[in-house]
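Read the structure below first, then the notes.
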Amino acid sequence: MAPSVAEIPTATVDTVTKNVAKLAVSAVPNASLEGKHDDGPSYPYYYPHYDLNEKWEPLEVREFSDPGLRANPAKPNLLNENAKLRHLSPYIGTEIQGVQISQLSKEGLDELALLTAERKVLVFRNQDFKDLGPERQIEIASHFGPIHRHPTSGNVKGFPEFHVVYRDPSHDHFKEYIGGDRINLTSWHSDVSYEKQPPGTTFFFILDQPETGGDTLFASQVEAYSRLSDEFKKRLEGLRVVHSAVRQAEFSRRIGGPVRREPIETEHPIVRVHPVTGEKALYINQGFARRIVGLKQEESDFLLKFLFDHIAKGADFQIRASYEPGTVVVWDNRVTVHSATPDFSPTFRRHAVRLTPQAEVPTAPASP
């Protein structure tokens, strides 16, 4: 998950250092911290780490071939006799029981990439993923592409591939980032879409969670595009949008957080094609899409606002992914947008981790 809670540094380096010293290995998961002794996160190893001296070179474009292209369409290695599927919506989202991601073969992982592209979001229950250790977690996620290292968020010390989502009563900059006087705290985005090669198949696993709330909203950008009239689709043909990391970097600097790479702005087509399914999808989001190339500012603002509203109001092509111990959510960032739902009491801890493999440079549909 403008960035979600997952994309916002939660403290300055000094504050983080003090809190790390307080961590204990044991904790009371899912409990309110109000009026109770707090033993810290259940998985202190994944507490967000910030190093202001950590600096990285700009990312270079690399060759990419989606593993879904290799997959058996029948998916025999993924959807075995133990698999139980429940579709959450006709357009997006499937809950899966009886499949252990950590036990999948390379062929099974290829099929996972394909199913994720087809269903957009997969909610796996009763997974051992959070207990595999960082090396094995990274190994599995790397099957889907080179892991993105976030330029500003908290990571895991020694493992910058992890993007740590963390909020507790003393760590919550989310409202400040999106505007503390807002009525609605949803913030639709596709992760780090400003990169030249934005993410594809993405992994998110929960460590500590509130008793209720803290779900993630997802919307299908494929169905959002499909709902548009043919004439409006023609108007979008050939348009490109600037996706910017500048605001995210400026916010991190302002609160004393890291900027490991200088922020970039990248043009992407407003409609992109998925390399495996061939589906067309809108590729814009409120978090990072700033302006349409070639339009005057008022024109760009007007068109983007219409599309942002269309996506946000499309409850009939959205789902709400809920979490329970052992949940792993896998989604395709190329054809979805999502938003955190910070609807739980600030007296609760929410702690999760994202691994974000990068995919291809977005391509526009071929001209008719």
Is Leu303 reachable from Val293 through a run of I, L, V, M, F, W or Y residues, each pair having side-chain heavy atoms under 4.5 Å apart?
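Each belongs to a different hydrophobic cluster.
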Kindly give the heavy-atom pair with the smallest separation between Leu355 and Pro357, and that separation in Å.
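Closest approach of Leu355 to Pro357: O-CD, 3.3 Å.
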Are the ring centres of His310 and Phe317 closer than 6.0 Å?
yes
Over 12 non-hydrogen atoms of neighbours within 6.0 angstrom of NZ in Lys305:
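Incorrect, the count does not exceed 12.
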Flag if over 12 foreign heavy atoms under 6.0 Å of CZ, Arg136
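Above 12, so yes.
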Would Arg227 count as a cation-pi partner of Tyr91, with NZ or CZ less than 6.0 Å from the six-membered ring centre and within 45° of the ring normal?
yes
Can you tell if the side chain of Leu79 reaches within under 4.5 Å of the side chain of Glu111, non-hydrogen atoms only?
no
In the structure I gave you, are the side-chain heavy atoms of Gln358 and Ile147 within less than 4.5 Å of one another anywhere?
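Sidechains of Ile147 and Gln358: no contact.
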Among Glu54, Lys55, Arg149, Glu57, which residue satisfies the side chain to side chain contact (heavy atoms under 4.5 Å, CB included) criterion with Arg260?
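That would be Glu54.
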Residues forming a ring-ring contact (aromatic ring centres under 6.0 Å, His included) with His87, sequence neighbours excluded:
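If we apply the ring-ring contact (aromatic ring centres under 6.0 Å, His included) test to His87, skipping adjacent residues, there are no hits.
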With Phe124 via ring-ring contact (aromatic ring centres under 6.0 Å, His included) - residues at least two apart:
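With neighbours one apart ignored, the set is empty.
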Applying side chain to side chain donor-acceptor pair (under 3.5 Å) to Thr327 and Arg125, what does each step give before you reach the verdict?
CA-CA 5 Å; Thr327 294; Arg125 302 299 189 189; 2.8 Å; yes
By the definition side-chain hydrogen bond (donor to acceptor under 3.5 Å, both in side chains), identify the one residue from Glu279, Gln221, Glu223 that meets it with Lys120.
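When side-chain hydrogen bond (donor to acceptor under 3.5 Å, both in side chains) is applied between Lys120 and each of Glu279, Gln221, Glu223, only Glu279 qualifies.
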